[in-house]
Structures are given as C-alpha cells and as structure tokens.
Amino acid sequence: MISITAFTNEKEVYSVTGEEQIGTIRLMDQEEVENVINEAKEAQPYWYSIDLYKRAEFLHEWADQLLENQEKIAATISKEVGKGITSANKEVVRTVDLIRYIAEEGCRMHGELMKGDSFKGGSTSKIAMIDQEPLGVILAISPFNYPVNLAASKIAPALISGNAVVFKPASQGTLSGLLMIEALLETGIPPEIVQTVTGKGSEIGDFLVTHPKIDMITFTGSSATGQAISLKSKMIPLVLELGGKDPAIVLKDADLDLAAKQIVSGAFSYSGQRCTAIKRVFVHDEVADDLVKVIKENIDQLSIGLPEEDATITPLIDTKAANFVEELIDDAIRKGATPIVGNKREGNLLHPTLLDNVTSDMRIAWEEPFGPVLPILRLNSEEEMIEYTNDSEYGLQASIFTKDVQKAILLGSKLNVGSVQLNAKTERGPDHFPFIGTKKSGLGAQGVRRSIESMTRDKVFVLNL
Ligand code: NAP
C-alpha cells in the first residue's frame, strides 16, 4: 500500500473494484496550496537560468527512472484506474518515449530571426531576434484515464522550456501521478520546480485556476470542467483537451473487415474510457447489415473481466460513470434501438454493448458515454454523415472508411473536427502529432512542439544597426 503522508486531512483510495484500499492521499487546504504556488513562482527564474541541455538531461534521467520503476507504476495504474496490466505498462513506456522526444525537441527550438527589409518601409538596418521565454508557473490538471501519460505530456514541455509546474492529478489517479513525480524527484531536480497539489478538484479547483501566480493552465478532462475553468481564469493562456463524440464514417465501398476491426478496437479499448474512442458509427444503409455482423463478431472476441486478468473490458471508474452509461443505453432501447450484444451489468462492469438502429432523438447519438457502448446510425448519404458529425457539440476526431482516398479527403475537409483518420480508428498518437479539439472538445493544441509553444511567449529583441 502506498502511503503518501500521515496527515489527518486525507482520503482513502480504493482500487476500481472497490475491494482493496491501495493508498491514502492528502486533501490539501488553501494555505498549503498557496505555499506551493509561491515556492514554484520563486524558484522558476533559477530553473530557467539552468542551461537548456541540463534541463534536458533531467528529463532523460526522469525517463530512465520511470523505466526502472515501470512494474510498480504500471501495477498502481492498473489498480487505481482499472486498466489491464498490459495497457498500464504500455502507458509507462509511451510516457518514457514522449519525455525523451520532448527533451530533444526542446533543445532544437532556437527561436527566429526576421529581417526588417521584408516589410514595405522597413530597413536592412533592423533585425528582430525572437526568443521563446517561459510563461512562469504552469498549472497542469490531468484526468483519471491516463494518469501518467497525460500528466507527463504537460509537465515535460513545461520543464524543458524553463517553467515551474503546479500539478493537480485527478483524485482517482493521484497515486499513479505521485509515483511518476517521485521518479522525477529522484533525478535531483530542484523540488520547488515541480509541485503536486492533491485534493478534490471541486474543492481546490477554483482557488488554483484563479490564483494570480498561475501564468498558464493546461487541462485535460471533461468539457464541463474545461468550460468552467475557461470562465474563471483571467487573462492567462489556456490549453484545454476535453470530451469527444468521434464518429466512424463507413462508406459503401469500405473494406468492412478492416473497418469493423478498427471500430471495435477504437470503441472498446479500456472500456471506451478514452477521449478519442469511437463513440458512434455512421454507416451507409446498403452495407449496414454486413458491417453490424462483423462488428458483432469482433466484439464477441473481447475479453471481459478484471484489470488483473488483463481484460479489455473492465469495471468503469466509479458507480456514477456506470449508471450514466446504463442510462444512455436504457434511453436508446426505450426509444427503439436494437441491442445486438451486451446490455448486461455486473456491478460497475458493463459488458460491451452494440446498439443498432439508433436515431437522432436518442441521447446516445449525441452524448459522450465514456464507457463500452457503441451506437450504429444507418444513414443514406455522405451529406447526412457530414451533418451528423458537424451538428455535434464536440469536434475532436473522425474516422472515414473508404477505398477512395480522394473522396475521403474531400469529405474530411468538410468535417469540423481537429483530426481526420483515414481507414483507421480515431486515436491520439503518435504523440508528436498536433492534437486539437474544436467546439466543446478543446482550445489550443497539444503535441510536443505545440505544447512547448503554448507554454512560452515570443520575446523580441530589435537590433538597430
Ligand atoms: P473531469 O472530471 O473533468 O476531471 C479532470 C480533472 O479536473 C481532474 O483532475 C479533476 O480533479 C479536476 N477538476 C474537477 N473539478 C475541477 C474544478 N472545478 N477546477 C479545476 N479542476 C477540476 O474529467 P475526468 O472524468 O477525469 O476525465 C474524463 C473526461 O476527460 C472525458 O470527458 C474525456 O473525454 C476527457 N478527456 C479528454 C482528453 C483529450 O485529450 N481531449 C483526454 C482524456 C480525457 P478531481 O479528480 O479531484 O475531481
């Protein structure tokens, strides 16, 4: 059992199955939060004064430490957020690769030089040297589902560019996050530079996001929380990665076996608790029967069980989440959707559910379930598929399945989403690609270079020769 400190104001953390207490976390009060923000603010200029290649060395050492502690961290992720152990291990390794890439990318960002005579009326005697300076203290708030990877994807770019970090992990995910920070502190990095705030977002969130010494917020989580943060934070840059309702668009000429395989993997990995999970299928009427048949065959092969059994479908993060998914399924069936497979619940373990004949009056056509349910909407034309995609309040990604690449590009260009995947499931990686959400799916961009840029500002020195 991981015990972080013996403070009285603490909360017990249980495994997702609720059977095992796996640790305790401190619920920090405002005074403690105030202190850590002040420490970070004070220490940041020193951190920025350290040579860039040395900051990169700390990050590489952090990656080494994560690998050394991989088994322990993966086991904690698996228990704490209910992820199969194979996926939990992959999360650690992916994070190691990401941190190394960020360290290297940061070392290759050299600013810009602009010559004055390229603007009418300018002159060769004016030259602008444009440097990238850190913003100061970055508040990094992460969600439960990738407690290590989505935290490091914020912390590492902040550090390489010379910022200090205040890190607020998700309550269910804090133990994994703290192990990751422990590995970082093992490198000998000044501890004031990376501060962790533990506690409930609903209690300390407002204090954090409105604090005058926070210079930028990078947040991943639900659209509701992201919107609330955007309304409260004042005059500071924000990067928000929020919810999604990614469609898989299957055209008449698609390779249905490939589409079904990708759709099932995209929809059901980690029980659908991924922002980029495929959350609805738009299929052309003519091929719908065939597609539903192969999707069902693929779903039948998914393993259902506990994280320690390394199952793909595991209990959802909590009872509230499971109730919500069940509510969406019940609503759809009541309104006439056909359950093809699943629709069975054991505690918070929901069996993978495929709903056919879903129509636009059903909540599941529009709302993000964050669980293992996939609605099929049978549509007649590409125009309708575009309309259904763009009518969503979300705009993270979309997949298009067709053998006609030109058609896919034309169709994709009409979709109001951050990324379009051709003949593959929606997903985040490779992690250096820009990652963007439109509408309620986000603000700004992540991806290694984009993340570093979001945490720095241009500083212009004009040489007047
Ligand atoms: P969440 O409930 O919004 O929580 C996210 C983080 O915000 C947690 O650390 C939470 O702390 C904190 N928080 C809660 N209330 C806050 C407040 N008032 N002020 C500041 N922080 C606050 O989201 P989640 O359930 O962890 O994650 C699932 C959602 O994240 C889904 O909608 C999913 O689509 C989205 N997501 C998006 C991406 C993406 O890249 N677009 C990636 C992964 C997940 P507590 O845990 O203490 O409440």
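Since we're looking at a predicted model, the values are computed, not measured.
- No side-chain donor-acceptor contact under 3.5 Å links Tyr46 and Gln44.
- One N or O on the side chain of Asp215 and one on the backbone of Val137 form a donor-acceptor pair closer than 3.5 Å.
- In this structure, Ile317 and Gln172 have side chains that are in contact, with non-hydrogen atoms separated by less than 4.5 Å.
- Under 3.5 Å, the side chains of Asn89 and Arg94 contain no donor-acceptor pair of N or O atoms.
- With values rounded to the nearest 0.5 angstrom, Leu159 atom CG is found 9.5 Å from Ile138 atom CD1.
- Judged by distance alone, the side chain of Ser451 and the main-chain N or O of Gly447 form a donor-acceptor pair under 3.5 Å.
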>> Could you walk me through whether Thr314 and Val16 satisfy the side chain to side chain contact (heavy atoms under 4.5 Å, CB included) test, starting with their C-alpha distance in whole Å, then the side-chain angles of each, then the deciding distance to 0.1 Å, before giving a yes or no?
In response: CA-CA 9 Å; Thr314 51; Val16 151; over 6 Å; no
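- Judged by distance alone, with hydrogens and angles left aside, the side-chain atoms of Asn390 form a donor-acceptor pair with the main-chain N or O of Lys414 at under 3.5 Å.
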>> I'd like to know whether Gln132 forms a side chain to side chain donor-acceptor pair (under 3.5 Å) with Asp458, so could you lay out the CA-CA distance, the side-chain angles of the two residues, the decisive distance to 0.1 Å, and finally the verdict.
In response: CA-CA 5 Å; Gln132 280 173 298; Asp458 287 343; 5.0 Å; no
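- When each of Leu415, Asn416, Leu443 is tested with Thr438 by the rule side chain to side chain contact (heavy atoms under 4.5 Å, CB included), just one qualifies, namely Asn416.
- One finds the CD1 atom of Ile77 at 9.0 Å from the CG atom of Asn149 (value rounded to the nearest 0.5 Å).
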>> Applying side chain to side chain donor-acceptor pair (under 3.5 Å) to Gln421 and Thr426, what does each step give before you reach the verdict?
In response: CA-CA 6 Å; Gln421 303 270 354; Thr426 47; over 6 Å; no
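- For the residue pair Ser265 and Lys425, the shortest heavy atom distance occurs at OG-NZ, 2.8 Å.
- To the nearest 0.5 Å, the span separating CG on Leu179 from CD on Gln65 amounts to 12.5 Å.
- When atom types are taken as modelled, the side chain of Asp131 and the backbone of Gly111 share no donor-acceptor pair closer than 3.5 angstrom.
- The two residues Tyr48 and Gly162 make their nearest non-hydrogen contact at CB-O, 3.7 Å.
- Listed by first and then second residue, the ring pair (Phe, Tyr, Trp, His ring centres under 6.0 Å) pairs that reach into residues 411-459 are Tyr101-His432, sequence neighbours excluded.
- Summarising the geometry of Ala365 relative to Leu377, their closest heavy-atom pair is CB-CD2, 4.2 Å, with the distance given to 0.1 Å.
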> Are Lys439 and Glu393 close enough, and set up right, to give a salt bridge (Lys or Arg N to Asp or Glu O under 4.0 Å), and what steps lead you there?
Replying inline: CA-CA 6 Å; Lys439 297 187 275 182; Glu393 58 185 354; over 6 Å; no
> Going through the checks in order, is the side chain to side chain contact (heavy atoms under 4.5 Å, CB included) test met by Met109 and Ile452?
Replying inline: CA-CA 9 Å; Met109 293 180 71; Ile452 295 174; 3.6 Å; yes
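- Formation of a donor-acceptor pair under 3.5 Å by the Ser441 side chain with backbone atoms of Gly243 is found in this model.
- Taking the salt bridge (charged side-chain N to carboxylate O under 4.0 Å, His left out) definition, one finds that Glu387 meets it with nothing, sequence neighbours left out.
- Heavy atoms from other residues, nucleotides or ligands lying under 6.0 Å from CD of Glu309 number more than 12.
- In this structure, Glu57 CD and Leu59 CG are separated by 10.5 Å, a value rounded to the nearest 0.5 Å.
- The CD atom of Glu192 lies 15.5 Å from the NZ atom of Lys41; values are rounded to the nearest 0.5 Å.
- Arg55 places a side-chain N or O within donor-acceptor distance of the main-chain N or O of Ile160, the cut-off being under 3.5 Å.
- Between Lys79 and Glu308 there is no salt bridge, since none of the side-chain N atoms of the basic residue sits less than 4.0 Å from a carboxylate O of the acidic one.
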>> Pair Phe282, Val250 - check side chain to side chain contact (heavy atoms under 4.5 Å, CB included), show working.
In response: CA-CA 6 Å; Phe282 302 151; Val250 184; over 6 Å; no
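- For Lys115, the side chain to side chain contact (heavy atoms under 4.5 Å, CB included) partners two or more places apart in sequence, or in a different chain, are Leu113, Asp117.
- For the residue pair Gln397/Thr276, the side-chain donor-acceptor check at 3.5 Å is not satisfied.
- Sorted by first and then second residue, the ring pair (Phe, Tyr, Trp, His ring centres under 6.0 Å) pairs with a member in residues 57-80 read Trp47-Phe58; sequence neighbours excluded.
- We find the OH-SG distance between Tyr53 and Cys107 to be 10.5 Å, quoted to the nearest 0.5 Å.
- Residues Val81 and Gly173 share a closest heavy-atom pair of CG1-CA, 4.2 Å.
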> Is there a side chain to side chain donor-acceptor pair (under 3.5 Å) between Glu34 and Asn38 once you walk through the steps?
Replying inline: CA-CA 6 Å; Glu34 175 72 33; Asn38 284 335; 3.2 Å; yes
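- Minimum interatomic distance between Phe324 and Pro369 (heavy atoms only, all atoms of both residues): CD2-O, 3.9 Å.
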> Can you check salt bridge (Lys or Arg N to Asp or Glu O under 4.0 Å) on Arg100 and Asp64, steps first, answer last?
Replying inline: CA-CA 10 Å; Arg100 294 201 195 288; Asp64 293 342; 2.7 Å; yes
Side-chain donor-acceptor pairs of residues 225-241 under 3.5 Å, sequence neighbours excluded:
from, atom 1, to, atom 2, distance (Å)
Thr225, OG1, Ser222, OG, 2.9
Ser230, OG, Gln227, O, 2.8
Lys232, NZ, Asp206, OD1, 2.9
Ser233, OG, Ile229, O, 3.2
Glu241, OE1, Thr220, OG1, 2.8
Glu241, OE1, Arg428, NH1, 3.4
Glu241, OE1, Gln446, NE2, 2.9
Glu241, OE2, Arg428, NH1, 3.2
Glu241, OE2, Gln446, NE2, 3.0

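- The backbone N or O of Tyr14 sits nowhere less than 3.5 Å from a side-chain atom of Glu20 that would complete a donor-acceptor pair.
- Shown here for Leu98 and Ser153, the closest heavy-atom pair between the two residues is CD2-CB, 3.7 Å.
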>> Please evaluate residues Glu427 and Arg274 with respect to the criterion salt bridge (Lys or Arg N to Asp or Glu O under 4.0 Å), reporting the C-alpha separation (whole Å), side-chain torsions for both, the decisive distance (0.1 Å), and the verdict.
In response: CA-CA 9 Å; Glu427 65 180 344; Arg274 295 167 42 249; 5.5 Å; no
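- Geometric assessment of Lys245 against the ring of Tyr394 yields a negative cation-pi assignment under the 6.0 Å and 45° thresholds.
- Side chain of Ser161 to main chain of Ala158: a donor-acceptor pair is present (N/O by atom type, distance under 3.5 Å, no hydrogens or angles).
- A salt bridge links Glu105 with Arg449; the closest basic N to acidic carboxylate O contact falls under 4.0 Å.
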> Should Lys279 and Asp246 be marked as a side chain to side chain contact (heavy atoms under 4.5 Å, CB included) after you check the CA-CA gap, both sets of side-chain angles, and the distance that decides it?
Replying inline: CA-CA 5 Å; Lys279 291 176 183 141; Asp246 295 356; 5.5 Å; no
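- Asn69 contributes no side-chain N or O that, together with a main-chain N or O of Lys72, makes up a donor-acceptor pair within less than 3.5 Å.
- Among pairs with a residue in residues 172-209, those fulfilling ring pair (Phe, Tyr, Trp, His ring centres under 6.0 Å) read Phe207-His211, at least two apart in sequence or across chains.
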